[in-house]
Every structure is written in C-alpha cells, then in structure tokens.
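First comes the structure, then the notes that go with it.
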Amino acid sequence: MNPELAPLLVASHKTDFEVYHGRLYIDGQWREAGGGERVERLSPAHGELVSTYAVATPEDVDAAIDAAHRAFHHGPWPKMKGAERARVLLAIADGIQAQIERLALIESLENGKPLTQARAEVAGCADLWQYAASLARTTSGDAYNTLGEDMLGLVLRQPIGVVGIITPWNFPLWILCQKLPFAMAAGCTCVIKPSELTSGTTVMLMEILEKAGVPAGVANVVTGKGSRVGQPLAESPRVDMLSFTGSTHVGSMLAGVASKKLKKVALELGGKNPQIVFPDCDWDAMVDAVVFGVYFNAGECCNSGSRVLVHESIVERFAAAVIERAREVPVGDPLHPDAKVGAIVSEQQMNDILGHIETGVSAGAKVRLGGGRYASANGLYLQPTVLTDVTADMGVAREEIFGPVLSVIAFRDLDHAIEIANDTAYGLSAAVWSSDIDTCLKVARGVDAGTIWVNTFLDGYPELPFGGFKASGVGRELGKQAVEDYTETKTIQLHIGERKNLWLPAKK
Ligand code: NAD
C-alpha cells in the first residue's frame, strides 16, 4: 500500500519580486554579451519569469580570462598584504549579510528551494567569507633550520594564478563561496561560470564585491551554457587552475581537457551516500536524520543520504517508521513559510528522477511511498519517495538520482554493510547509526568516503575539509588547507657563508 501524503502547500501571498536582468561582469565593468543574446529563467515552482542573463560569447570568455590574467600579473591583489585582503573579504561578508533577503529570494525562485532554507544558506555564505578572511592572514609557508649551518630552506606559498570556477545549480551561492573567498584569500584572480539555471546570486555577488573594493579583474563572471562558456576555462592555457563542482560526467570530461594543458584541477562531484543503520541506534534521531538526509533540498544534494543500509532484522520496522515520517514532510511552494521541500529545478531533472524510479521498479524495487509527481501542481513537485526491496546491484542502489528518492537495502552484518557501502563508484559521504562506539569506529574506518557522520547527518563547518573519494572528486575544499589549495609551493634554498664544497677544485 502507498500511504497518503500530506497535501501540497500553496503560498497564499504573491511576492513583489522584480525580474532581475544579469549582465556579464568583466574587468570591473558590467557588460552585455558580445552577441547581444539573453536567456530567460522561469521559476520551477510557478513557471514565472524570474531573471534573464547575457549569454557570453567565446570572445566574452576570452575578455574575462584576459582581465583575470592582467589583474593577476599586473594588478595589486596578489601583492597585497594578507591583512588587507582579509579586510576586503570581511567587507564582502558584511555585504552578503546586508542582502540576505534579496539573495535568498532569487536563489529560492531560480532553484525551487524553500525560501527559509535559502536564507540560512546565504547567512552561511557570509560565514565562509569570514573564515577565508581568517586564513588570508594565517596561511603561511614553512622554514627549515635543520639542513646544516650553511643552509636555510624556505617553502613559500604563492597564489597559483587565474582560477576558473564552474558551479552547479543545487547550492549556487554556497558552492561558489566554498571556492571564491579562498582563491581570493590566496591572492588569485578568478573567472566564474555559474549554472545557466541559477546564475542570479553569482551575478549579484559581484555587485557586493564591487562595493567592497575588489580591484577590477580579480573576479569576473561569464554566464551561459556549460559547453560554450565553461569549456574554454578548462581549455585556456591562461587559466592555471580549474575548480569544478557538478556531475561526475562533466567533471571527468573537463579534467581530461584540463590535463592536456597540465592544469591543476579540483573536482567536487556526485555521491551515492549510505546511511548505515544498526538496531542499537537512537531510533527517533535516526529516523529524523534519514528523512532529512534524503529530502533536504528535494534530494538535489551531492551529500544526499539517498541509500540507507539497514540491518536485516529491522528492515520492516525501519521502513514503516521512515514512511510514517516522510509522508508528513511539508512539500510545496518554496515561498510558503512551512515548506521544507520545494520544487525540482527543471523538467529535465524531473524526468531523470522519474526515469530512475521506473528503472528501479522494473528491477524489482517496491515503491512504498510517493513515486510520482503531485498531480494537482502547476510547478515541478515530486512526491517524497521510498523504495524498498532494493538490492545492491540495482541502478537505484548505485546511481546518483539527485531527487527525493530513498533506496532501502538490507545488510547481514557489519562487514556486509561496509562491503555494500563501498560497492559504488562514489565516495563522498556516509553515516553510521549505532550506540556502540566500536561499531561506529569500524564503519567510519572501513567506508571509503570523504566525510563520515556518526549518529548525525549533513552537519558541516568551514573548519572541516570536504570532498570525495573515488568518482566523487579530487581534492578537498574548506578546512585550514582551503587557501593552500589555490597556491603553488616554491622552495627557496638560501646558502649561508662561503660555498666550500665546490664541484671542481678551486683555481689556485
Ligand atoms: P553539471 O555537471 O551538469 O553542471 C555543472 C556546471 O558545469 C554547470 O555550470 C554547467 O553549465 C557546467 N557544464 C556543463 N557542461 C559543461 C561543459 N561541457 N564544459 C564546461 N562546463 C560545463 O551538474 P549540475 O546538474 O549543475 O549539478 C548536479 C551535479 O553536481 C550532481 O551530480 C551533484 O552531485 C554535483 N554536485 C557535487 C557537489 C560536491 O560538492 N561534491 C556539490 C553540489 C553538486
């Protein structure tokens, strides 16, 4: 039986949102695209026009790379004191805080995520700039005074150069703020390509940077489609590093392109993150975290807890409890104050998710909750879905669905749980639920993932590194090394005193 879901929330009020027209931001100037073309973004929740963006031409992308190159090689930014850069980054944090409402509203309208959630994300972005400001002052190299009395070794960290930043649509501002502040803290200059579906907050952020006094050319934004606007960043020999967040498919393709230029690449990619549930866990906390983990951001989340591995002795009890809670998840208009799940970002994404569910069902999975669109809705709303009887070999157990779909898989014992957890191409994150510390530690050590949550899920802190094993990515963001990732290491060997050990005998 497929239990009834809570009715879709409908917002009673209309917002007084004005359509936003974003331009390119190149060399400190706001410009229309060379070809004069614009693309429209309609809200996936209402089908209404939210924004239009200039579609950058290859010449526009070139101009942005030129500007960043000039700003890096001839501008003041890389040479400024860390303390000076930190002051600018803090001013940007203040600017974000002053515009939480404006940024959150466009993020919510373009992406479909609840406005309440978007507000919290924007506030978190300000915190990322503050953290980067602290690193701008404290990131340092190293010195070796242990190499003998005639040698002092210095290890310098210098900014790597021009960074190409390409971001996805699911957390547009947040993901940009996991990259840009740290690249800027290092002294780099950047060319940013946001997703064509959610460019609003990226373009608006440039207004904030401008006001905060960021010199021309340090951050440039080119909007438009990936293959036309993003790819040149991977290809250009004048872009020294590519920092990409998005799908594993596009990420690996871009890494291939970038490797031909021997360019440094940082990749944050997909995930199929297991929550592993043992019978001795705190039951209510676990059930809540499972529901939160898979339906947060409508499951359009690289960290989505999209598969739950449950000990075989409690599978039915688990399914009943999760279904009971999931059917009450408030889904609906992102502008409704009670909405916890909003709209799916696009028709294409909706169809992809439905396709995954269909494939799962043909392979033998059972839809125990949801499984389809809300019939009555104008917008793109998908029912919270629970699939049981999933086995580890099915597509719904292995592939990233990127939607509100939970796959429940049974395991026999701890080793079997770890084996299933590791049996996908991904390794972004995982969670373990148990009151036994040995169980938790064995799972935490055994599962190949960049983040392991123990009796919790989806917490995150700028202080802690984030990134994936295997097909989930290359490199880490955040943490105290976040700025170092945007630097090159230079070794300086300083000889002290007379150089005595000559290679050829000294001339008499
Ligand atoms: P996507 O890979 O389709 O697009 C990401 C970005 O790449 C967009 O800006 C897009 O325009 C651009 N792009 C697409 N084709 C390109 C090309 N040929 N050359 C250059 N750029 C190109 O991903 P998406 O659909 O926007 O986002 C969803 C994916 O992102 C999911 O797989 C998700 O797991 C992943 N993601 C990962 C993380 C993480 O931190 N690990 C975070 C968020 C999202």
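Both counts, for ligands and for their atoms, begin at 1 and track the order of listing.
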*Is the distance between the ring centroids of Phe402 and Trp169 under 6.0 Å?*
yes

_Among residues at least two apart in sequence or on other chains, which ones pass side-chain hydrogen bond (donor to acceptor under 3.5 Å, both in side chains) with Glu268?_
none

Ligand 1 polar-atom proximity to protein (N/O, under 3.5 Å):
{"unit_1": "ligand 1", "atom_1": "2 (O)", "unit_2": "Ser247", "atom_2": "N", "d": "2.8"}
{"unit_1": "ligand 1", "atom_1": "2 (O)", "unit_2": "Ser247", "atom_2": "OG", "d": "2.6"}
{"unit_1": "ligand 1", "atom_1": "9 (O)", "unit_2": "Thr167", "atom_2": "O", "d": "2.7"}
{"unit_1": "ligand 1", "atom_1": "9 (O)", "unit_2": "Lys193", "atom_2": "NZ", "d": "3.1"}
{"unit_1": "ligand 1", "atom_1": "11 (O)", "unit_2": "Lys193", "atom_2": "NZ", "d": "2.6"}
{"unit_1": "ligand 1", "atom_1": "11 (O)", "unit_2": "Glu196", "atom_2": "OE1", "d": "2.7"}
{"unit_1": "ligand 1", "atom_1": "11 (O)", "unit_2": "Gly226", "atom_2": "N", "d": "3.4"}
{"unit_1": "ligand 1", "atom_1": "18 (N)", "unit_2": "Gln231", "atom_2": "OE1", "d": "3.3"}
{"unit_1": "ligand 1", "atom_1": "19 (N)", "unit_2": "Gly226", "atom_2": "O", "d": "3.4"}
{"unit_1": "ligand 1", "atom_1": "23 (O)", "unit_2": "Ser247", "atom_2": "N", "d": "3.4"}
{"unit_1": "ligand 1", "atom_1": "25 (O)", "unit_2": "Trp169", "atom_2": "NE1", "d": "2.8"}
{"unit_1": "ligand 1", "atom_1": "26 (O)", "unit_2": "Trp169", "atom_2": "NE1", "d": "3.2"}
{"unit_1": "ligand 1", "atom_1": "30 (O)", "unit_2": "Gly246", "atom_2": "O", "d": "3.2"}
{"unit_1": "ligand 1", "atom_1": "30 (O)", "unit_2": "Ser247", "atom_2": "N", "d": "3.4"}
{"unit_1": "ligand 1", "atom_1": "32 (O)", "unit_2": "Glu400", "atom_2": "OE1", "d": "2.7"}
{"unit_1": "ligand 1", "atom_1": "34 (O)", "unit_2": "Glu400", "atom_2": "OE1", "d": "3.3"}
{"unit_1": "ligand 1", "atom_1": "34 (O)", "unit_2": "Glu400", "atom_2": "OE2", "d": "2.5"}
{"unit_1": "ligand 1", "atom_1": "41 (N)", "unit_2": "Leu269", "atom_2": "N", "d": "3.2"}
{"unit_1": "ligand 1", "atom_1": "41 (N)", "unit_2": "Leu269", "atom_2": "O", "d": "2.6"}

*Kindly write out the residues that satisfy side-chain contact (heavy atoms from CB on, under 4.5 Å) with Glu59, not counting sequence neighbours, or none if the list is empty.*
Thr57

*Quick one: list whatever passes ring-ring contact (aromatic ring centres under 6.0 Å, His included) with Phe17, sequence neighbours left out.*
none

_Whether the Thr52 and Glu40 side chains hold a donor-acceptor pair (N or O, under 3.5 Å, no angle test) is what I'd like checked._
no

*Please state whether the rings of Trp30 and Tyr25 are parallel, tilted or perpendicular, taking 30° and 60° as the class boundaries.*
tilted

